[in-house]
Number of protein chains: 2
Amino acid sequence: MSRRRVTISDVAELAGVSYQTVSRVVNNKPDVSESTRKRIQKIIKETGYRPSQIARSLVTARTATIGLVVPDISNPFFSAVARGVEQLAYSQGYSILLCNTGEDVTRELDVLHTLHERYVDGVIVCGLRQEDALLQEALANFKAAVLVNRRLQGEPVPAVLIDDELGGYLNTQHLIQLGHTAIGFLAGPAASYSGTQRRLGYSRALVEAGILLEEKWITNFTPTVSDGEAAAEVMLQANPELTALICHNDLMAVGALRYCAASGRRVPEDIAIIGFDDIMLATLVSPPLSTCHVPRVEVGRIAASMLIEQINDKADWSDEIVIQPHLVIRASTAAPAGVSDDAIMQPTPDHIPLG
Amino acid sequence: MSRRRVTISDVAELAGVSYQTVSRVVNNKPDVSESTRKRIQKIIKETGYRPSQIARSLVTARTATIGLVVPDISNPFFSAVARGVEQLAYSQGYSILLCNTGEDVTRELDVLHTLHERYVDGVIVCGLRQEDALLQEALANFKAAVLVNRRLQGEPVPAVLIDDELGGYLNTQHLIQLGHTAIGFLAGPAASYSGTQRRLGYSRALVEAGILLEEKWITNFTPTVSDGEAAAEVMLQANPELTALICHNDLMAVGALRYCAASGRRVPEDIAIIGFDDIMLATLVSPPLSTCHVPRVEVGRIAASMLIEQINDKADWSDEIVIQPHLVIRASTAAPAGVSDDAIMQPTPDHIPLG
DNA sequence: TCAAAAACCGTGAACGTTCACGAAACGTAT
DNA sequence: ATACGTTTCGTGAACGTTCACGGTTTTTGA
């Protein structure tokens, strides 16, 4: 049962001073004697007085709150980002308002409006499907905003991006260095920005190595375990010449792993598999999955710190930070059959942080 | 870049009416003619006016916000609960303020204070380590509160509980029915409420089957994969007679699975393993993990609906809902060596929903 | 010892709403 | 036409703070 709320005036009355004096000690500002300060602090403690952030916000026009909008908080990627955001935000005295969009475009705008009504000091938006112009318009309502994994042309909005092109490149290069030349690409949804970027990196590594890009070695599926399983089946049955599979993310890679196990293919001996993201699951399947690590919590932290700098006018409105993923080589990738060990080009050391 | 905020008075002026009239159409209340209503609505749309939830909260003493405090949002269990909370909250017009405690007791109180300062209409707290009296005290600041997976004596606080005792019982019973009699228990932290409950269920099933409870078959570890691995090693080396392992949760079970793989023990032939929670990972490891399914999103939804009922004074302050978990039998459990198939007592059908 | 400067404290206004009134305008029945 | 009920709208206060002042009292310096 809740008790009556104690206000600043209650405290003031008890202390026999004006509310202004209490305000001063609450925000520990000068111009109040040490004795009355102590007295007021004592009363505050006794009464359990807490200043109303609401009233405070009304006059200061700051809420010390940031909005975080994600497609789905139960998705491990976004919950990790959320963790990072929360960590940094909390350390700076900010709270976070969490909104899920469920990939729904109208709901995206809706939550942005809600956040606006709530006077959040800024927003961090992840993975919005919204088209550029509308997103731009909706974001204009905020003092500060940062995008995660998306960029916006026109008036630029700060963003933290993952270098997906590099990731796709590193994955492919790794396989090439192991001696693979017939490398399939189990891509995510064709509409996905990061998907197309990773595919670009795949192409670049291929042409760089002088390997012909075969369109039939690429297929699009949704990034889930079950679809990864299906994709691997389709791909490997249609193209038995493949010795390696690059997957859009770890979930698909796990699916591919499952298909290989079910169809009697050995990994990595018969077929090498590499994923993307480095989720916890990647270390737990067998064989442990080689993958491209993206530091998700870090992404959240960086996004939050960019946002807070913006809020404090310390930052350019147009910053853009791109985070470089790196290879994590585990047991699901190896040289293809028929390639002797010493013929393999070793990856350069900076690509092999300890997993 | 943010534009100047447009207020209710701006709209009123443009429409040539008083702010009160605008307020009426915003909250679509009666007492305004259809013509001026239309006119005002048009202006609102043109100016992009959004009422200040802050100012509104100040006078109504309601924020349409609920606080959600969890140990760690990146933990799949809590992010699923969060998803459920958010779903239901959003459908009722509530936003959620997310707070992580990081299992830190002082920070728990801290976030509760923050939430209080922000006038949230209620709080949902998950997995707090706080001792009863202090928690009680902190919760008294809120109009409404519901606990997840914890109960509080004294003045009762509504709670949604998972019947951990039942879960522990079901897991154990399942193994007994398969013919196991030497069943180890890899428990979570000794301080964990759900941990002790599950252990109670373990004991109950054992005595019910007339099996002597051996204290040395129980060990406490933290509920992580690596600790599960360590726990399995300690347990199995000290007690080679064990044919089955019940784990506090799926993460520990996966750890146990890993230890078994590393030490050359076959699962389920040499040792049966069962987990708790039914996280996605459970379906993906090999062998797929038998476990006790906990409907996490559902837990969140129920908690949110209880809270909102409380906020609207529709509910008893002392409700308590306990959710029954159920067995999901996969491939990590089977009869111990030496027990013929037809000697096995079949579990009753309602214990075997399709996985 | 007296003015000037600190140190300390209080008052009025404002932030953007909602709520409880009251007032004006309009029609309707007598 | 008079009175009265509706409909429509506006006014004053309040919510709990902070901010910009202004006013006392006390201390300081020569």
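Numbered from 1 within each chain, the chains take letters A, B, ... in sequence-line order.
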Whole-Å gap separating [atom2] ([N]) and [atom1] ([X]):
X       : N      : atom1 : atom2 : result
B/Arg37 : D/dT8  : CZ    : P     : 9 Å
B/Leu58 : D/dC15 : CG    : C1'   : 4 Å
B/Tyr19 : D/dG12 : OH    : P     : 8 Å
B/Ile8  : C/dG16 : CD1   : P     : 11 Å
B/Glu34 : D/dT8  : CD    : P     : 9 Å
A/Asp10 : D/dG16 : CG    : P     : 8 Å

#### Entry: Nearest atoms (heavy-atom pairs only) where B/Ala80 meets A/Ser74
CA-CB, 4.2 Å
### Query
Nearest heavy-atom pair of A/Gly122 and A/Ile311: which atoms, and what distance?
N-CD1, 4.3 Å
### Message
Taking the basic N atoms (NZ, or NE/NH1/NH2) and the acidic carboxylate oxygens, is any pair closer than 4.0 Å for A/Lys143 and A/Asp313?
### Response
no
### Message
Within the supplied structure, the quantity of interest is the number of heavy atoms (other residues, nucleotides, ligands) at a distance under 6.0 Å from A/Glu13 CD; does it exceed 12?
### Response
no
### Task
May I ask you to establish whether B/Arg151 and B/Tyr193 are in a cation-pi arrangement, using a distance under 6.0 Å from NZ or CZ to the six-membered ring centre and at most 45° from the ring axis?
no
### Task
Run through B/Val322, B/Asn149, B/Leu307, B/Val148 and flag the one making a side chain to side chain contact (heavy atoms under 4.5 Å, CB included) with B/Val160.
B/Val148
### Message
Among D/dT18, C/dG10, D/dT8, which nucleotide has an atom closest to any side-chain atom of A/Asn27?
### Response
D/dT18
### Task
For C/dG10, take OP1 and OP2 only and decide whether either is under 4.0 Å from a side-chain N or O of A/Thr21.
yes
### Task
Kindly say whether, by distance alone, the side chain of A/Gln20 makes a donor-acceptor pair under 3.5 Å with the base of C/dT11?
yes
### Positions of residues 45-56 of chain A (non-hydrogen atom under 4.0 Å from DNA chain D), listed by number
A/Tyr49, A/Arg50, A/Pro51, A/Ser52, A/Ala55, A/Arg56
